[in-house]
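Below: one structure, written as structure tokens.
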Amino acid sequence: MFPPHLAQILDRFGVPADTQAALYDLYLFLGAEGLDAFAEWSSRRGNDPTSSRPEDLSEVWKIAVERYLGKHHGSWIVGDPTPTLFHPREGEGRFSGVAAPVGPFEAAAEGLAGEAARAAGAMVGPDQPLPPGVLILSRNGHYGGRPKTISFDVVADRLEDAVALSAAEGRQHTLPGSAGETTASLDGSAALIWEVQPNVLKPEGDRNREIRSILGRHRNWHVATLTAAILWLRLKVSDLWILRGEALTIVHEVNPARPVGEVIVEHHDRTVKRVSESLGVFLVDPPPHDAGMLLETEIPNESLRKGLEREGAAPFLWRLRW
């Protein structure tokens, strides 16, 4: 639970035990930012910490994210690194990862940001927009605190757009202000790209209709972030794999009430094949010994580890060769 000095403060203010337990989960994910947001929520008119409930933390979460963007968005625009929003699990809320801006995501930019923007622009064509914002590489900043992760986001260039995206209904797994992200795990010279996922859901009916125009400008986030991830990883590792669409259910599905549908699988595979082909990268079936290589690393989560032990790597992954 909380360190003693924090527990004493919460007890002194009469925060109920079940709310403290839920707040501790938020603290593990967000560190002191989560507690600061709870303090702000409690100071608002009519919010009494002694009668607070675990379900109130959804409002606390929104405050924390908006505070985080207000504090750090300007730093990203000028290229300065910041802490990540989400904290590594092993840190127990005490420290964060690092969000390092790579550069403005535009063809005229130098380095990786410009290379990725030019490559992504060639894929989507002149009539399709690239997400306007800053390409950011996060280390150990994925939701849930998985260790040895890197994530690529393009965070909206305007603070108001970033805040709107962060408040939208969705999964919000990496940096707020990004429409979607690509995440990989690294261990030594090996890496696995295991997620190309939206942070927000497409507008449908009343859902997210207030961000329809913003999301329209950012709709090619998947091409942008996966392109950046592959370009960066092929310079850093000698062994690189990427998840197949049919393995998404095994690796990602934690709620049977919200299954990974066929459309998601098809979209994932189409994006992976489109980007890899455009970059001159080949997707090949992994040889039998690849499962053993991965099992010797910390890369697979528990579900993938069981699958590798049972069936080998080929049903779940492609190996990337260049």
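Annotation: ring pair (Phe, Tyr, Trp, His ring centres under 6.0 Å) contacts involving residues 289-322, sequence neighbours excluded, are absent. The list of ring pair (Phe, Tyr, Trp, His ring centres under 6.0 Å) pairs with a residue in residues 54-82, not counting sequence neighbours, reads W61-F86, Y68-H72, Y68-W76. Applying the salt bridge (charged side-chain N to carboxylate O under 4.0 Å, His left out) test to residues at least two apart or on different chains, the pairs with a partner in residues 218-239 are D239-R319. Among pairs with a residue in residues 7-34, those fulfilling ring pair (Phe, Tyr, Trp, His ring centres under 6.0 Å) read F2-Y24, F2-Y27, F29-Y143, at least two apart in sequence or across chains.
Summarising the local packing, CD of Q128 is surrounded by more than 12 heavy atoms from other residues, nucleotides or ligands at distances under 6.0 Å.
There is a side-chain donor-acceptor pair under 3.5 Å between D48 and T50.
Side chain of D187 to backbone of E298: a donor-acceptor contact under 3.5 angstrom is found. For H142 (side chain) and S185 (main-chain N/O), no donor-acceptor pair under 3.5 Å exists by modelled atom type. In this structure, the side chain of N208 engages the main chain of E169 through a donor-acceptor pair within 3.5 Å. A donor-acceptor pair under 3.5 Å is formed between the side chain of T19 and the backbone N or O of S52. Side chain of T227 to backbone of A224: no donor-acceptor contact under 3.5 angstrom is found. Between the side chain of R139 and the main chain of I150, no donor-acceptor pair closer than 3.5 Å is present.
By the ring-ring contact (aromatic ring centres under 6.0 Å, His included) test, W241 is found to be paired with no residue, residues two or more places apart in sequence or in another chain being considered. Not counting sequence neighbours, the partners of D161 by the side-chain hydrogen bond (donor to acceptor under 3.5 Å, both in side chains) test are R158, R217. Qualifying side-chain contact (heavy atoms from CB on, under 4.5 Å) partners for S178, counting only residues two or more places apart in sequence or in other chains: D153, V155, N199. Under the rule for a salt bridge (Lys or Arg N to Asp or Glu O under 4.0 Å), the partners of E33 that lie at least two apart in sequence or sit in another chain are K71. Applying the side-chain hydrogen bond (donor to acceptor under 3.5 Å, both in side chains) criterion to T183, with sequence neighbours excluded, gives S151, E181. The salt bridge (Lys or Arg N to Asp or Glu O under 4.0 Å) test applied to D269 returns no partner, not counting sequence neighbours.
Atom CZ of R67 is separated from atom CD of E40 by 5.0 Å, given to the nearest 0.5 angstrom. A distance of 10.0 Å separates CG in L28 from NE2 in H87, rounded to the nearest 0.5 Å. The distance from atom CG of L320 to atom CG of L233, rounded to the nearest 0.5 Å, is 9.0 Å.
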Show me the side-chain donor-acceptor pairs of residues 95-115 shorter than 3.5 Å, one per line, residues at least two apart or across chains.
none

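Counting heavy atoms from C-beta on, the side chains of D157 and V134 never come closer than 4.5 Å. Between R244 and V272 there is no side-chain heavy-atom pair separated by less than 4.5 Å. Side-chain contact check for V275 versus V196: every heavy-atom pair is 4.5 Å or farther apart. Under the 4.5 Å side-chain criterion, counting only non-hydrogen atoms from C-beta, L317 is in contact with L294. Counting only heavy atoms from C-beta outward, the side chains of S166 and E66 never approach each other to under 4.5 Å. Side-chain contact between L226 and I193 is present, with at least one heavy-atom pair separated by less than 4.5 Å. Annotation: side chain of V124 is in contact with side chain of R274 (closest heavy-atom distance under 4.5 Å). Side-chain atoms of F38 and L57, non-hydrogen and from C-beta on, do get closer than 4.5 Å to each other.
Cluster note: L215 groups with L165, V200, I211, I214 through ILVMFWY side-chain heavy atoms spaced under 4.5 Å, whether in direct contact or through intervening members.
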